[in-house]
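Below, each value reflects all heavy atoms present in this structure, side chains not excepted, and no hydrogens, waters or symmetry copies.
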Amino acid sequence: QVQLVESGGGLVQAGGSLNLSCAASGRTFSNYGMGWFRQAPGKEREFVAGISWTGSIAYGNSVQGRFTISRENAKNTVTLQMNRLKPEDTAVYYCAAVGMEIGTMWVRRRHEPNAYNYWGQGTQVTVSS
């Protein structure tokens, strides 16, 4: 089992920044691919960013160039630095993990919520206009 706890959400004005953090516990963190997803009311869960156990990174189209994902294996954390926030970034943000057993399928499936085995409880991000 892997437990994930997100933090860092809040209210920010458009153009501002937030840094989300996800703390993992329970298994060897470095063996997991990590993802950030978000879900706005009435919408499907959307891929935001992912980072594999090797450090391979991918971003959703809507956040490319504004958000940065990183991981620090020694601290069992993955962070999402969000810059130039827009009102449409408002959502609950979730951290997710998938074991490295997914292998080469990571590239193909990293944007799919059902590829991930473990989820945090989410943290609300609200961007005001």
Side-chain angles (χ1 to χ4, degrees):
Q1 286 286 344
V2 175
Q3 293 79 43
L4 303 172
V5 179
E6 302 96 335
S7 61
L11 173 65
V12 64
Q13 288 189 334
S17 299
L18 279 176
N19 186 277
L20 303 185
S21 183
C22 174
S25 61
R27 292 286 179 92
T28 305
F29 178 72
S30 60
N31 289 346
Y32 284 80
M34 302 300 297
W36 284 98
F37 288 78
R38 66 188 183 186
Q39 190 165 20
K43 295 189 176 181
E44 294 186 352
R45 194 161 292 192
E46 175 189 16
F47 174 74
V48 175
I51 184 167
S52 76
W53 50 95
T54 63
S56 174
I57 289 174
Y59 294 99
N61 290 338
S62 61
V63 307
Q64 182 79 43
R66 299 188 297 123
F67 290 10
T68 303
I69 188 172
S70 61
R71 67 188 298 161
E72 190 167 355
N73 289 339
K75 295 185 177 181
N76 289 359
T77 59
V78 59
T79 61
L80 184 70
Q81 176 65 40
M82 306 186 295
N83 297 328
R84 304 200 310 275
L85 283 160
K86 305 175 182 180
E88 51 264 43
D89 293 319
T90 295
V92 178
Y93 283 70
Y94 296 92
C95 174
V98 57
M100 62 186 295
E101 309 84 66
I102 193 173
T104 56
M105 291 295 291
W106 163 263
V107 174
R108 187 182 302 179
R109 299 197 62 203
R110 57 195 172 192
H111 64 287
E112 299 177 9
N114 59 12
Y116 294 77
N117 308 113
Y118 304 100
W119 291 84
Q121 81 289 349
T123 186
Q124 177 70 46
V125 171
T126 303
V127 184
S128 63
S129 58

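Residue pairs meeting the salt bridge (Lys or Arg N to Asp or Glu O under 4.0 Å) criterion with at least one member in residues 7-22: none, sequence neighbours excluded. For residues 102-128, the set of pairs meeting the salt bridge (Lys or Arg N to Asp or Glu O under 4.0 Å) definition, not counting sequence neighbours, comprises Arg109-Glu112. Screening residues 98-129 for ring-ring contact (aromatic ring centres under 6.0 Å, His included), with sequence neighbours left out, gives Phe37-Tyr116, Phe37-Trp119, Trp53-Trp106. Every pair passing salt bridge (Lys or Arg N to Asp or Glu O under 4.0 Å) that includes a residue from residues 40-60 is listed here, sequence neighbours excluded: Arg38-Glu46. Among residues at least two apart or in separate chains, salt bridge (Lys or Arg N to Asp or Glu O under 4.0 Å) pairs with a member in residues 50-70 are Arg66-Asp89.
Taking CD of Glu88 as the start and OG1 of Thr90 as the end, the distance is 8.5 Å to the nearest 0.5 Å. Within the model, atoms CG of Leu80 and CD1 of Ile69 stand 6.5 Å from one another, a figure rounded to the nearest 0.5 Å.
Residues forming a ring pair (Phe, Tyr, Trp, His ring centres under 6.0 Å) with Tyr93 (at least two apart in sequence, or on another chain): none. Ser128 is linked by a side chain to side chain donor-acceptor pair (under 3.5 Å) to nothing, counting only residues two or more places apart in sequence or in another chain. Remark: Thr54 pairs with Ser52 by the side chain to side chain donor-acceptor pair (under 3.5 Å) rule, at least two apart or across chains. Taking Asn73 as the reference, Arg71 meet the side chain to side chain donor-acceptor pair (under 3.5 Å) condition, with sequence neighbours excluded. Under the side chain to side chain donor-acceptor pair (under 3.5 Å) criterion, Glu101 pairs with no residue at all, not counting sequence neighbours.
Residue Asn114 qualifies as enclosed at atom CG: its count of foreign heavy atoms under 6.0 Å is above 12.
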Can you give the donor-acceptor pairs under 3.5 Å from side chains of residues 1-21 to other protein atoms, not counting sequence neighbours?
{"from": "Gln3", "atom 1": "OE1", "to": "Ser25", "atom 2": "OG", "distance (Å)": "3.4"}
{"from": "Glu6", "atom 1": "OE1", "to": "Gln121", "atom 2": "N", "distance (Å)": "3.1"}
{"from": "Glu6", "atom 1": "OE1", "to": "Gln121", "atom 2": "NE2", "distance (Å)": "3.4"}
{"from": "Glu6", "atom 1": "OE1", "to": "Gly122", "atom 2": "N", "distance (Å)": "2.9"}
{"from": "Glu6", "atom 1": "OE2", "to": "Cys95", "atom 2": "N", "distance (Å)": "2.8"}
{"from": "Glu6", "atom 1": "OE2", "to": "Gly122", "atom 2": "N", "distance (Å)": "3.3"}
{"from": "Ser17", "atom 1": "OG", "to": "Asn83", "atom 2": "OD1", "distance (Å)": "2.9"}
{"from": "Asn19", "atom 1": "ND2", "to": "Gln81", "atom 2": "OE1", "distance (Å)": "2.7"}

Would you tabulate the side-chain donor-acceptor contacts of residues 28-36 under 3.5 Å, counting partners in other chains and residues two or more places apart, or write 'none'?
none

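Note on Ile51: it does not cluster hydrophobically with Val107, by side-chain heavy-atom contacts below 4.5 Å among ILVMFWY residues.
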